[in-house]
Each structure stands twice: as C-alpha cells, then as structure tokens.
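Below is one structure, written out as structure tokens; the observations come after it.
Since the model is a prediction, treat every value here as computed from it, not as a measurement. Atoms within a ligand are numbered from 1 in the order they appear, just like the ligands themselves.
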Amino acid sequence: MASGNGSSTRKKVVLAYSGGLDTSVAINWLRTTKNLDVVTCTLDLGQDGTDLKATEAKAKKIGAVATYTVDAKDEFCNDYIRYAIWANALYGGKYPLATALGRPLIAKKLAEVAYKENADFISHGCTGKGNDQVRIEVSTGALHSGLKTIAPMREWIYTRDEAVAYAEKNGIPVPVKKGKAFSIDENLWGRSIEAGPIEDATIEPPEEAFLWTNSPQDAPNAPQTVVIDFEKGVPVALDGKRMKLLDLVLKLNEVAGEHGVGRIDQIEDRLVGIKSREVYESPAATVILYAHHELETLVLSKDVLQFKPTVEQKFAELTYNGLWFSPLMDNLKVFLEHTQTRVTGQVKLKLFKGTMTIAGRTSPFSLYNKSLATYGTEDSYDHTAAEGFIKIWGLPLKVWNKAGTQGEAKRESTPQTPRKKA
Ligand code: ARG
C-alpha cells in the first residue's frame, strides 16, 4: 500500500490526503513552510469518483515523499457502520453520522502510518470551525499519544479563494473552480453537504446539492419493495440475495436513492458551539436503520426496547463528539452487541417518492404471538386472569386514593387552632 521512499533526515508529517484543494495545498505548505517530509495517507471509504491512483500521483507531483492508499471500505462497514446499525445511530434524531463515523477510521490509519514511518506529526485539511478537526485529533491522540498535529487550515489558510490563489501560484493542479458552491464530505454511509446556498436556513436546499437521490417528485411513479435479511443485527441479504455489508449498502444507496429516500435537512449543534444548517443524503443508512429498528421491535423485550435508546443516544453523541476510541464507547459496544443476539429475521419495506413504509417483518425469534394477540377464534389468552392482574396492578392507586380521602376527612373534623389570638 505504500510507495515512494523518503530518504532525508527531516521530520515527518502524515497528512490525511483527499486529493482536493485544501490538502493538495497543504502538501506544499508543510514541505516548504514547515520544513517537513510529507507522507500522505488516502482512504477509500466508498466516496464517489475517487481515482486513487491519480490521487497518489498528484501527491507525489506536489512533493510527498511517500504515499499510502488504503481501501478501508470493508473495515468501515464491519468495525464502524455495524455498530451504528446496532445503535440505530442518529445524531439529533436525523443524521446517520456518515462523516462522524469515517473520521476515527481515518485517524486510525494516520496513527498506523505514523508508527510505521516514525513520524512526529499528523496533519489534516479540516477547518477550525468544524467537528472533524476534533474527531481526527482526539482519535489520533487516543491511539498514539506522542503525535502532534499541524492544521494548516487553522494556522494559515482561511478562505477557499486564498487556497486557490496559493495553488495557482505554486503550480498545484486544482480541478475545482473558484467559488464552488458546497463543501462535501462523502463515504458509503452518506454525503454531507455544507456551505454556500445551504447556509440560508430559511430556504429549501437547491436541487443541485443532491447527487445520490432523486427529488421525490421525479422518483418513479410505482413503489418498489425491498426485503432485507438481518443476522444478529447485521444486514446480510437484499431481496433474497446474500451479500456482504459493503455491497448491500452500495446497492441500497442506488435503489433507495432512485426513490428519493434519505434526504435530510437539519439544524445541527456542532461540538464547537456553532449551530449550523446541514444537508445530507444517506439512502442506504436511512432504510437500514429504519428496517433494523423495526426488526428489534419484534424480537427485543419491552424493557430492553425502553432502555436501549439511552445507550443509542450516548453512542451517537460520543461518535459525533469524536470520542470513538474511548473507554465508555468500548463498553457501549459490548452492550449493543449483546442486544443483537436475536435480531435475526426479515423486513420488507416499500419505497415510494421519498417515503418508506413497512410492509412486513418476520423472525424465528419473534415475540409477537398471534394466538395471544388475536381477537379471533384461535385466542389462547386467559381472559379470567386479567381480573386478578388488574386488582394487583391497581392496588397501589386504590390505597393512595383511600389515604387521601381519609386524610381530608380527618382534617375537616379536627378543630383548627387559631394562630393568633384575636
Ligand atoms: N456536520 C457533519 C458532521 O459534523 C458533516 C461534516 C461534513 N464535513 C465537511 N467537510 N463537509 O459530522
């Protein structure tokens, strides 16, 4: 996965490199201004249209002494998204946390490369206003406490136009035009769209913000049914075809995206104290989380279902706030995994013009017992037992009521001693 060899004695920095404007500029800046040998680290997390070979070549051309390119898609699915599914994880009740889940994995790879290359620094292209800087730095620190960070976007470059000007001056190839409308972060769990016209929270996001989802009004006029099979909380088959999680997510992004499912428009509380307007498209995540929770309602006990959201909420919060590699998260993961022992079964959903509707669920561990629930003839419920149950269930309330009535009566019959003499 590595190529190129830095043979100098200068100190090394491992840069999280996307191939985009900010990090391309950063290679040159770290090399010339900070006098460091730059090692780039690029991850494939399933973002659209990344030519990893070209990205690597570009890094070299700008001056990286070594480049690492990691296909981390399966690892992302198995060690990050899997837990997010088990946790039905949504931040602010809406956002499936695509970006937030990707950052700790990027940090993990940065730390690994730093160990291997004996580097003192890591670097990234995040700005000083967002959550991503926190996630990457807190996570690299949690895995390799000796690392220091250099964040060019905090230290030097503040606007996109400045970065473009610097790139043009230094002969850095920049495919993006000045004033590009949005800031995008993408991986297979979703697309995060920020900035530009989206900053106006009073209006709908412009249609060109969306690339993975049809507008509901342009979606097919006929609904499509999808069937997802789960084993221990993990989706394992789509429409009867077994596939690994990665392939299932990619396929479902297409199918649900076509039906306009998975658009999210959110006012979000960033960790750094800013309220921001964020737009996402996460077709597969939206469908999988909905289906997964639906199956859980069938197989988990009432008290587990009532308690689990506390853990889910904490999971989403820790993920969002950059605390993926924390002791509390490790404990939550164990709890979540244990809850999934019986989350095996099938969920059928209908996708139609931006909506999804449950069309059936089944499980070998189903707690739904038709003979107990039915009002029909095959009823097995003991109706006479209800009488005794109600007597005991309602007993404390009867005692409460009686004590109140008696107490009031006693007070009324007791002569009141005047407080002051007239
Ligand atoms: N607000 C989201 C989060 O904090 C998305 C961030 C997207 N990052 C970006 N560079 N566009 O997880």
Using a heavy-atom cut-off of under 4.0 Å, does the side chain or the backbone of [X] touch ligand 1, or both, or neither?
| X | answer |
| --- | --- |
| D132 | side chain |
| F182 | neither |
| Y95 | side chain |
| E268 | side chain |
| N131 | side chain |

Next on the checklist: Quick check: do D79 and L105 have side-chain heavy atoms less than 4.5 Å from each other?
Outcome noted: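 Result no, sub-4.5 Å side-chain heavy-atom pair not found.
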
Next on the checklist: Ring-plane angle category for Y95 and Y320, please: parallel below 30°, perpendicular beyond 60°, tilted otherwise.
Outcome noted: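 Rings of Y95 and Y320: perpendicular, as their planes differ by over 60°.
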
Item to check | Whether W156 and W29 hold their rings parallel, tilted or perpendicular, with breakpoints at 30° and 60° | outcome: parallel

Next on the checklist: Is there a polar contact, in the sense of an N or O pair closer than 3.5 Å, between E278 and ligand 1?
Outcome noted: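 Between E278 and ligand 1 (N or O atoms, distance only) the closest approach is under 3.5 Å.
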
Item to check | Geometric N/O contact T99 with ligand 1, under 3.5 angstrom | outcome: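 Between T99 and ligand 1, no N or O pair is found under 3.5 Å apart.
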
Checklist outcome for this item: Closest to atom 9 (C) of ligand 1 among protein heavy atoms sits E194 OE1, 3.5 Å

Please confirm whether the ring centroid of [X] lies under 6.0 Å from the ring centroid of [Y].
| X | Y | result |
| --- | --- | --- |
| F307 | F335 | yes |
| W189 | Y80 | no |
| F315 | W324 | yes |

Checklist entry - Which residues pass the salt bridge (Lys or Arg N to Asp or Glu O under 4.0 Å) test with K251, sequence neighbours left out? => result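 K251: salt bridge (Lys or Arg N to Asp or Glu O under 4.0 Å) contacts with E254.
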
Distance filter under 4.0 Å to [X] heavy atoms, resulting ligand 1 atoms:
| X | answer |
| --- | --- |
| R135 | 3 (C), 4 (O), 12 (O) |
| Y280 | 1 (N), 2 (C), 5 (C) |
| S192 | 5 (C), 7 (C) |

Checklist entry - Heavy-atom distance to atom 10 (N) of ligand 1: which of S183, G130, A100, A98 wins? => result S183

Item to check | salt bridge (Lys or Arg N to Asp or Glu O under 4.0 Å), paired with D37, selected from R10, K11, R31 | outcome: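 Single pass found, and it is R10.
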
